[in-house]
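Below is one structure, written out as structure tokens; comments come after it.
Heavy atoms only: backbone and side chains are in, while hydrogens, waters and symmetry mates are out. Each residue takes its place number in the sequence, starting with 1. Each ligand, and each atom within it, is numbered from 1 in the order the structure gives.
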Amino acid sequence: MPLSIIYARSQNYCIGRNGDLPWDLPDEFAHFTRTTTGGAVIMGRKTYQDHNSYLSGRVNIVVSRNSYLTLAPKVLRASSLVQAVAIAARERGEIFVIGGSGLLTEAFPGATTAYETVVHADIEGDTFVTPFDFSSWRTEQLEEHPVDDRHAHGFAIYRHVRDAGDQQ
Ligand SMILES: NC(=O)c1ccc[n+]([C@@H]2O[C@H](COP(=O)([O-])OP(=O)(O)OC[C@H]3O[C@@H](n4cnc5c(N)ncnc54)[C@H](OP(=O)(O)O)[C@@H]3O)[C@@H](O)[C@H]2O)c1
């Protein structure tokens, strides 16, 4: 079953700080919204608590071992990534694992597509993603975004597609 991961990382692989994104990049967030809308988004409990609300236009699934977790209306809970993917597979559309770091690492071996934003800066933070090896994947650069008055850092957006036969 096709499975995608989507994340933004700095040059030093930072993805988070104090439970939040370590940058404010509105056009990068717009890319995330555009890409995931119409699909299912699977996220760790801390990533969910970063926004604590339903991401509209998508099936929202939070992975947590806490069965008493309080979630916003329409947000579903799964106790594992496998269960989350099974729930998402009942719906139409692409299935995205959107973080945090442990879920991205767990999803990577089964992922067929990875949307990776590289923020052109070294960023201090407390959450880092594994440097995944995309050398045997087909890589396409979707966008190169410059620094401007709304974006303190430039960034590049890549789509990596795993070659058939390379599934782990
Ligand atoms: N830059 C990006 O693209 C990006 C993307 C996503 C998140 N972030 C940032 O990353 C940080 C949060 O990420 P994080 O890695 O610290 O945490 P996280 O993955 O969002 O959440 C970790 C929690 O998710 C649950 N969980 C994860 N894997 C599980 C599994 N296999 N089975 C059952 N439960 C599982 C557990 O919840 P319980 O403890 O409730 O059991 C675990 O404590 C924030 O700063 C956020 O803003 C950045």
Say whether, by atom type as modelled, one donor and one acceptor occur between the side chain of Ser4 and the main chain of Ala114 under 3.5 angstrom.
no
Under 3.5 Å side-chain donor-acceptor pair for Glu140 and Tyr158
no
Nearest-option assignment for atom 25 (C) of ligand 1, heavy atoms, candidates Val63, Val119, Leu103, Thr117:
Val63
Which atoms of ligand 1 sit under 4.0 Å from any heavy atom of Ser79?
32 (N), 33 (C)
With heavy atoms under 4.0 Å as the rule, classify the contact between Pro22 and ligand 1 as side chain, backbone, both or neither.
neither
Do any N or O atoms from the side chain of Arg9 and from the backbone of Phe128 form a donor-acceptor pair under 3.5 angstrom?
no
Which atoms of ligand 1 have any heavy atom of Gly19 under 4.0 Å away?
44 (C), 45 (O), 47 (O)
For the student: nearest non-hydrogen atoms of Ile95 and Val85, plus distance:
CD1-O, 4.2 Å
Residue Ala8 vicinity, atoms of ligand 1 by number, heavy atom under 4.0 Å
1 (N), 2 (C), 3 (O)
Counting from 1 in the order shown, the ligand 1 atoms closer than 4.0 Å to a non-hydrogen atom of Leu21 are 1 (N), 2 (C), 4 (C), 47 (O), 48 (C)
With a 4.0 Å cut-off on heavy atoms, is Met43 in contact with ligand 1?
no
Starting from atom 12 (C) of ligand 1, which protein heavy atom do you reach first, and at what distance in Å?
Thr47 OG1, 3.7 Å
When only distance counts, is Lys46 in polar contact with ligand 1, meaning an N/O pair under 3.5 Å?
yes
Return the closest protein heavy atom for atom 15 (O) of ligand 1 as residue, atom name and distance.
Ser101 N, 2.9 Å
Is atom 44 (C) of ligand 1 less than 4.0 angstrom from some protein heavy atom?
yes
Gly16 heavy atoms within 4.0 Å reach ligand 1 at atoms 9 (C), 45 (O)
Note: Leu71 and Val75 closest approach over all heavy atoms is CD1-O, 3.9 Å
Would you check whether Arg17 reaches within less than 4.0 Å of ligand 1, judged by its heavy atoms?
yes
Can you sort out which atoms of ligand 1 are near Ile98, meaning under 4.0 Å from one of its heavy atoms?
5 (C), 6 (C)
Please examine the side chains of Tyr13 and Phe132, heavy atoms only from C-beta on, and report whether any two atoms are closer than 4.5 Å.
no
Any sub-3.5 Å donor-acceptor pair from Thr47's side-chain atoms to Gly100's backbone N or O?
yes
Within the structure, does Trp23 bring an N/O atom to less than 3.5 angstrom of an N/O atom in ligand 1?
no
Using a 4.0 Å cut-off to any heavy atom of Asp20, which atoms of ligand 1 qualify?
44 (C), 45 (O), 47 (O)
To the nearest 0.5 Å, atom OG of Ser53 lies from atom CG of Leu55 at 6.0 Å
Do the side-chain N and O atoms of Glu28 and His145 include a donor-acceptor pair separated by under 3.5 angstrom?
no
Given the ring of Phe108, does Arg162 sit roughly above its face, with NZ or CZ under 6.0 Å from the centre of the six-membered ring and within 45° of the axis?
yes
Taking 4.0 Å as the limit for heavy-atom contacts, which would you say applies to Ile6 with ligand 1: side chain only, backbone only, both, or neither?
neither
Do Asn66 and Ser64 pair up side chain to side chain, a donor and an acceptor below 3.5 Å, judged on atom types alone?
no
Heavy atom of the protein closest to atom 10 (O) of ligand 1 (residue, atom name, distance):
Thr127 CG2, 3.8 Å
Who's closest to atom 30 (C) of ligand 1 heavy-atom-wise, of Gln49, Arg65, Glu116?
Arg65
Pairs of nitrogen or oxygen atoms closer than 3.5 Å, one from Arg45 and one from ligand 1: do any exist?
yes
Tell me the nearest of Ser64, Gly100, Ser80 to atom 18 (P) of ligand 1, using heavy-atom distances.
Gly100
Using a 3.5 Å cut-off on N or O atoms only, is Asp50 in polar contact with ligand 1?
yes
Which atoms of ligand 1 sit under 4.0 Å from any heavy atom of Glu106?
31 (N)
Might you point out which heavy atoms bring Ala88 and Ile42 nearest each other, and give the distance in Å?
CB-CD1, 4.4 Å
Looking at Asp27, is its backbone amide N or carbonyl O close enough to the side chain of His151 to form a donor-acceptor pair, meaning the two atoms are under 3.5 Å apart?
yes
Do you see a donor-acceptor pair shorter than 3.5 Å between the side chains of His153 and Gln11?
no
Heteroatom proximity flag, Ile15 to ligand 1, N/O under 3.5 Å:
yes
